[in-house]
Amino acid sequence: MLFQLAGPPAHNLLGSIGRMLGLYLAFTMVVQLLLIARLPLLDRAFGMDRLTSWHRWTGFTVFWLAVLHPSFVITGFAQYDGVPVLKTAVTLSKQVPVLLGMIAVGLIVLVVALSVRIARRRLSYEAWHAVHFLLYAVVVLGVIHQVYEGTAFAINLGTKIYWWGLWAFALGALLTGRVIVPLVRNARHRFRVAAVVPESDDVVSVHVTGRDLHRLPARAGQFFLWRFPGHNRWWQVNPFSLSAAPNGRSLRLTAKGIGTTSRGLRDLSVGSRVFAEGPYGAFTLDQRSRAATLLIAGGIGITPIRSLLEDPEIGGDVVVLYRVRNADDAVLLGELRNLARGRGARLHVITGPTGPSNQPFRPENLQALVPDVAERDVFICGPAALTDTVVESLRRLRVPSRQVHAERFRLAA
């Protein structure tokens, strides 16, 4: 409808297609802003994992629309004027709004190129996160381009209200979720490092305290985005799960030294400031539909599983499967044993390298360990390969998907 009202028709079919793609691009960018706004309402409804997955695929949609929109527009003008495409592109780039749009497209291509799996593996999480700040520049450039070049956005009062209403809502949501809520919560709670406890040679726990933590809506299984001012640069942020159920007095994160931030956690000074965004994630007991629970963890993925086991609401029959290469790699094992004993839960620590004779999460082996697995809610957190294997085995064992809850940490993946 908006395309039909977009004013005088383009000179040819290519131009018309380009104009239509521009409308879709604007709408998709609005959707993308809502997905990255980190609104508590959306997080509780869908979980950060799912929102991040949608963000990734929406990002690729933005990429293709951002490439195709100017390609069709420029080719349409070139065909109409009877001049080479490159010459047309150069001529159009002399108009400032068009040039800003081209710069925005270049930034989108750069961010997407660094987000594909091959390139992503070579970047630290901190560097990849910093690169994504370029998308804020894309939004600004895109809005300016839309103001001066988007005829479909200003045909009449109705189209103006529709488009600027969408942008105002998306930008307001982004400002609220990414700026206002974190600033208000950190000003209210004034987080500080209370203790730093090495758990092993490469794993450390950080205890965080603050004011009125009983007012913080954190649940076992959730995570925060942690910044440590004075210890790391402001743009270095990492998602770490709570490794203990919130008790209204303190929070605890436990991390393995993999990246720059996680390796340096053991050097934090007691009393130093902490800036925490969150809590995020729907990996909580609110998702349960059954009385019995199966908790499955691999490696450092034990942290949210351990907090779920401590949650006073867990109740019922609980089984914990903890997969590690050897017993020395089992983080927080003493705490797990104490919690399992206190809860009457069964804890199985599964060790040894994975191979033909040691595949504990094959369907038949998983069912041998937990015969009534189909009658339980299953919470899974661990390396991607382990999570994928468990989810597939549960599918083959006909465990309903509503009973399967996986924390994949796509935000950091």
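Quick note: numbers below take in every heavy atom, side chains included, and nothing from hydrogens, waters or symmetry partners. All residue numbers refer to positions in the sequence shown, counting from 1.
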Q. Is the number of heavy atoms from other residues, nucleotides or ligands under 6.0 Å of R188 CZ greater than 12?
A. yes
Q. Between R402 and D377, does at least one N-O distance fall below 4.0 Å, as a salt bridge requires?
A. no
Q: Begin with the C-alpha distance, continue with both residues' side-chain angles, and end with the deciding distance and a verdict on side-chain hydrogen bond (donor to acceptor under 3.5 Å, both in side chains) for T389 and R362.
A: CA-CA 7 Å; T389 298; R362 287 179 60 88; over 6 Å; no
Q.
If you apply the rule side-chain hydrogen bond (donor to acceptor under 3.5 Å, both in side chains), what do you find for T254 with S205, and how did you get there?
A. CA-CA 4 Å; T254 301; S205 290; 2.7 Å; yes
Q: Using a cut-off of 6.0 Å, state whether more than 12 heavy atoms not belonging to R211 lie near its atom CZ.
A: yes
Q. Parallel, tilted or perpendicular: which describes the rings of F224 and F191, with under 30° parallel and over 60° perpendicular?
A. perpendicular
(Q) Is the shortest side-chain heavy-atom distance between L213 and H189 below 4.5 Å? (A) yes
Q: Verify the neighbour count for atom CZ of R190: are there more than 12 heavy atoms of other residues, nucleotides or ligands below 6.0 Å?
A: no
Q. What is the ring orientation for W57 with F60, classed by angle as parallel under 30°, tilted 30 to 60°, or perpendicular over 60°?
A. tilted
Q) Considering residues, nucleotides and ligands other than D286, do more than 12 of their heavy atoms fall under 6.0 Å from its CG? A) yes
Q) Is it true that E310 and R343 make a salt bridge, defined as a side-chain N closer than 4.0 Å to a carboxylate O? A) no
Q. In this structure, are over 12 heavy atoms from other groups packed under 6.0 Å from F63 atom CZ?
A. yes
Q: Could you tell me whether D317 and R346 make a salt bridge, using a distance below 4.0 angstrom between a side-chain N and a carboxylate O?
A: yes
Q. Hey, do the aromatic rings of F283 and F379 have their centres closer than 6.0 Å?
A. yes
Q) Looking at side-chain heavy atoms only, is the closest gap between H405 and Q287 below 4.5 Å? A) yes
(Q) I'd like to check L183 versus N186 (side-chain heavy atoms, cut-off strictly below 4.5 Å). Are they in contact? (A) no
Q. Under 3.5 Å, side chain of W226 to main-chain N/O of F240, donor-acceptor pair present?
A. yes
Q. Is it true that E199 and K256 have a side-chain N and a carboxylate O under 4.0 angstrom from each other?
A. no
Q: May I ask you to check whether W163 and F27 place their ring centers less than 6.0 Å from one another?
A: no
**Q.** Within 6.0 Å of CZ in R192, more than 12 heavy atoms from elsewhere
**A.** yes
**Q.** Residues which pass salt bridge (Lys or Arg N to Asp or Glu O under 4.0 Å) with E335, listed by chain and number, not counting sequence neighbours
**A.** R252, R306
